[in-house]
Amino acid sequence: MALISEYEEEESPAQPSTFTAPFDPSNPLGIVEKLFDFLAAECDYLSKDAAEKEIAAAAKAAKEKRRRKEEAVAEREKADAAKASLSNKRLKEEVKEEKKKEENGVRGKIVVSFRSQTTVPNKGNGLDLDNYSWTQTLQEVTVLVPVPHGTKSRFVVCDIKKNRLKIGLKGQPPIIEGELYKPIKVDDCYWSIEDQNTISVLLTKHDQMEWWKTLVKGGPEIDTQKVEPENSKLADLDPETRQTVEKMMFDQRQKQMGRPTSDEIQKQDILKKFMAEHPEMDFSRAKIN
């Protein structure tokens with residue numbers, strides 16, 4: 001007896017093909033052309049009506065992916081640069097602060113050394129210091145304090161009192177603070193910003209017949225015997241004041257040369273005249289007080 005066996009032979013699945021091709025950076029389209037040749041040989045994908053659109057969409061998607069990746073890299077680099085800049089800024093501020101502390105320490109030592117000796121005045125009969133300068137006439141004192149360019153008046157601290165002065169910028173340590181050398185007339189004082197980079201303060205002296213040795217007590221002092229008022233300033237004074245100033249200038253020059261002052265000369269003249277009028281008297285022990 002013959003047996004007939006029927007069976008259905010299952011089709012085996014198609015094995016995937018492998019695509020390999022060298023890539024030449026100078027001719028990137030070469031590998032694309034080879035890929036299309038591979039597709040044409042292995043399947044009928046390129047014969048589909050939608051193939052061209054799908055390939056264009058894939059190319060567009062790849063381009064967009066690359067753009068997002070480049071933007072992400074740029075953002076990271078920007079963030080890293082910002083962090084580095086902030087770090088450098090903080091480092092510079094720390095170095096600047098340390099330098100400022102050192103300068104303040106040195107300046108303090110300089111002030112201490114000046115207390116024991118006087119200094120030749122500047123051309124304005126005052127003194128030029130590291131962070132401010134001052135000049136004077138018999139009637140007024142002018143203080144100039146350099147500040148960053150563009151400083152507005154609302155950022156300035158200027159407290160003028162009869163016997164005290166405070167000048168600086170808000171949020172920072174005072175540049176000048178202390179008891180004035182002599183009292184001033186507060187109502188006749190004022191301050192302003194000059195050239196957007198200098199605080200100018202005018203102080204009117206209460207005693208307008210005396211030269212100041214220093215701006216604030218404890219600060220460096222000038223040698224008032226070396227003060228030289230301008231002739232043009234003398235011409236503006238009334239006769240009585242001018243006579244007093246000229247007398248002061250004469251006395252200062254006499255002291256520098258080790259000679260008697262006008263008052264001492266006057267007393268000597270009086271004594272000589274008295275001695276001439278009274279020859280019978282013994283003046284060998286007479287002294288001028």
Side-chain angles (χ1 to χ4, degrees), residues 1-107 130-131 145-158 167-175 192-199:
M1 185 171 88
L3 297 176
I4 300 175
S5 175
E6 296 180 356
Y7 65 92
E8 295 180 0
E9 185 178 354
E10 296 180 358
E11 295 183 359
S12 59
Q15 297 296 321
S17 301
T18 302
F19 172 75
T20 58
F23 175 68
D24 182 3
S26 64
N27 182 27
L29 286 178
I31 193 172
V32 177
E33 293 173 351
K34 292 179 180 179
L35 176 60
F36 288 156
D37 293 340
F38 176 78
L39 289 175
E42 296 294 328
C43 64
D44 58 353
Y45 173 75
L46 295 179
S47 62
K48 292 170 56 177
D49 295 336
E52 186 175 348
K53 292 182 179 179
E54 290 175 353
I55 292 173
K60 184 177 181 181
K63 184 178 180 180
E64 180 65 19
K65 183 178 180 181
R66 179 182 178 85
R67 184 186 66 80
R68 288 197 298 267
K69 183 177 180 181
E70 290 176 346
E71 288 180 351
V73 171
E75 286 295 328
R76 284 197 300 271
E77 291 178 349
K78 185 177 180 181
D80 293 341
K83 290 180 180 179
S85 177
L86 180 60
S87 178
N88 289 336
K89 184 178 180 180
R90 289 176 178 173
L91 180 59
K92 289 180 180 179
E93 290 177 351
E94 290 176 359
V95 172
K96 185 177 179 181
E97 187 65 25
E98 288 297 324
K99 186 177 180 181
K100 186 176 180 181
K101 289 180 180 178
E102 292 177 0
E103 290 177 349
N104 288 338
V106 173
R107 189 175 298 121
D130 292 340
N131 49 358
V145 182
V147 291
H149 185 78
T151 297
K152 304 296 183 183
S153 59
R154 63 178 180 271
F155 299 129
V156 175
V157 176
C158 188
I167 304 174
L169 298 176
K170 291 181 179 179
Q172 299 183 20
I175 299 173
S192 62
I193 296 286
E194 293 185 355
D195 301 326
Q196 299 185 357
N197 61 6
T198 304
I199 302 174

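Using a 4.5 Å heavy-atom cutoff, the side chains of Phe36 and Ile55 are in contact. Counting only heavy atoms from C-beta outward, the side chains of Ser153 and Phe155 never approach each other to under 4.5 Å. Put simply, the side chain of Ile167 does not reach to within 4.5 Å of the side chain of Val157, judged on heavy atoms.
Distance CG/Asp24 to CD1/Ile31: 10.0 Å, rounded to 0.5 Å. Expressed to the nearest 0.5 Å, how far NZ of Lys48 lies from CD of Glu54 amounts to 5.0 Å. Note that CG of Leu35 is 12.0 Å distant from CG of Leu29, once rounded to the nearest 0.5 Å. Atom CZ in Arg66 sits 8.0 Å away from atom NZ in Lys69 (nearest 0.5 Å).
The closest donor-acceptor contact from the side chain of Asp195 to the backbone of Asn197 lies at 3.5 Å or more, if one exists at all. Lys34 places no side-chain N or O within 3.5 Å of a backbone atom of Ala21 that could act as its donor or acceptor partner.
Counting all heavy atoms, side chain and backbone alike, Phe23 lies closest to Pro28 at CE1-CA, 3.8 Å.
Shown are Ile175, Val156, Leu169; of these, the side-chain contact (heavy atoms from CB on, under 4.5 Å) with Val145 is made only by Ile175.
More than 12 heavy-atom neighbours from other residues, nucleotides or ligands sit within 6.0 angstrom of CD on Gln172.
A salt bridge does not link Glu64 with Lys60: none of the charged nitrogens is closer than 4.0 Å to a carboxylate oxygen.
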